[in-house]
Amino acid sequence: MLKEKIESIKKRATDEFLGAGESQKLYEAKVKFLGKQGEFSQVMKEMGKIPKEERPQFGKMVNEIKIELEQVYKDQESQIRKKELDQKIETDFLDLSLPGPTAGQGGAHPLSLVTSEIVKILGRIGFSVRLGPLIESDRYNFEALNIPADHPARDMQDTFYVDDQHVLRTHTSPVQIRTMESENPPIRIVAPGPVFRKDHDASHSPNFNQIEGLLIDKEVSMADLKGTITFFVQEFFGKGLKTRFRPSFFPFTEPSAEVDCQCPVCKGKGCQLCSQTGWIEIGGSGLVHPNVLQASGIDPERYQGYAFGFGIERMAIIKYGIDDIRILAENDLRFLGQFKL
Ligand code: DAH
């Protein structure tokens, strides 16, 4: 009796497994025959009815049938899976022409753009880049630049002291000394980078950027300085813009001059950016003071030179017509996004 029942389960289960055309049907058939409450389990419960001596043999047979059925199920399952996957690949439409998700593309900061443009322009007339440390010794930042300890010119630059002998450099001019000490003339370098001063208000930041220029050669005059800067201004701000030199004082240059360029926004007519003057100051310049040459191991009788130092933030706001210098440090993407290359 029991044997027939099992044979019948085997036959019907095999039929249903093989007849199931999709995984849901196959799963249902598995639950029906092989599940915990399935027909197979029900029959097993009746094992007790069988005489003791026949049980081992019967058990063996039942087991074999179960293993056979499980194999049939497994084979069928993998066939159905494969079939369903093939169907899915055929019917699911993948539109390869749809644009992919975009990660917002970054760009260089306007200060970096301005710096590299300045470096490129001056590079075309032979200047190459030198860099110096941001923590600078008193000697390089002041002393060798002809600014002795008790000189009133130290008041021009409110300094962050790291210790007695070291400061956060207040300008890029120390790179002049470092270069003259380690290289022989002719020298033609620019030194861009951050500088630090202890002042902070609407028009002054404790941390800003400068670019220093230095040329050392024989028979260098103010005319060379003027020519170079006039060329630079026209390349950087626009052809036709005039350059103006105003007498000034810096301890490390003699003579010294402040450099103004005609306002690129109003072309000299007067506007808000240039405070109606038509001119904008971009930095200082002059002929390298003999004391500075000497302090750096260069003979002032044989060599002369000119130097200049410009504010990079100033140049950026002039070039792009930005009305507030602070926005350059705010990292507002709406602002920065306008400078993508
Ligand atoms: N180092 C000066 C400053 O930060 C700027 C400067 C003026 C640099 C004249 C120069 C120069 O090289 O010749 O105020």
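Model, not experiment: these values are computed from the prediction. Quick note: residue numbers are just sequence positions, from 1. In each ligand, atom 1 is the first atom listed, and ligand 1 is the first ligand listed.
Looking only at atom types and distance, the side chain of Ser97 has a donor-acceptor partner in the side chain of Asp95 under 3.5 Å away.
At a threshold of 4.5 Å between non-hydrogen side-chain atoms, the residues Phe40 and Val62 count as touching.
Of all atoms in ligand 1, numbered sequentially from 1 with element shown, those under 4.0 Å from a heavy atom of Ser173 are 1 (N), 8 (C). Counting atoms of ligand 1 from 1 in the listed order, those under 4.0 Å from a heavy atom of Phe252 are 1 (N), 2 (C), 6 (C), 7 (C), 8 (C), 9 (C), 10 (C), 11 (C). Every atom of ligand 1 with a heavy atom of Gln210 under 4.0 Å away is listed here by number and element: 3 (C), 4 (O). With ligand atoms numbered from 1 in the order given, ligand 1 contributes 13 (O) to contacts under 4.0 Å with heavy atoms of Gly286. Ligand 1 places these atoms under 4.0 Å from at least one heavy atom of Phe250: 7 (C), 9 (C). With ligand atoms numbered from 1 in the order given, ligand 1 contributes 7 (C), 9 (C), 11 (C) to contacts under 4.0 Å with heavy atoms of Gly284. The ligand atoms of ligand 1 that sit less than 4.0 angstrom from a heavy atom of Gln176 are 12 (O).
Residue contacts with ligand 1: Thr253 is placed with no nitrogen or oxygen under 3.5 Å of a nitrogen or oxygen of the ligand (distance criterion only). Looking at ligand 1, you'll find an N or O of Ala307 within less than 3.5 Å of one of its N or O atoms.
With a 4.0 Å cut-off on non-hydrogen atoms, Phe308 touches ligand 1 through its backbone and not its side chain. Contacts with ligand 1 closer than 4.0 Å are made by backbone heavy atoms (N, CA, C, O) of Ser285 only, the side chain lying farther away.
Residue Arg197 places a heavy atom under 4.0 Å from ligand 1.
With sequence neighbours excluded, the residues that form a side-chain hydrogen bond (donor to acceptor under 3.5 Å, both in side chains) with Glu39 are Arg12. Residues that satisfy the side chain to side chain contact (heavy atoms under 4.5 Å, CB included) test with Arg130, not counting sequence neighbours, are Ser128, Val175, Thr179, Glu183, Ile189.
Taking the charged nitrogens against the carboxylate oxygens, Lys74 and Glu70 have no contact shorter than 4.0 Å, which rules out a salt bridge. Look at Lys5 and Glu46 and you find a salt bridge, because one of the NZ, NE, NH1 or NH2 atoms lies within 4.0 Å of a carboxylate O, short of that distance.
More than 12 heavy atoms of other residues, nucleotides or ligands lie within 6.0 Å of CD in Glu330, so this atom counts as buried by the packing criterion.
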Steps toward ring pair (Phe, Tyr, Trp, His ring centres under 6.0 Å) verdict (Phe252, His171): CA-CA 12 Å; Phe252 32 90; His171 49 180; 5.7 Å; yes
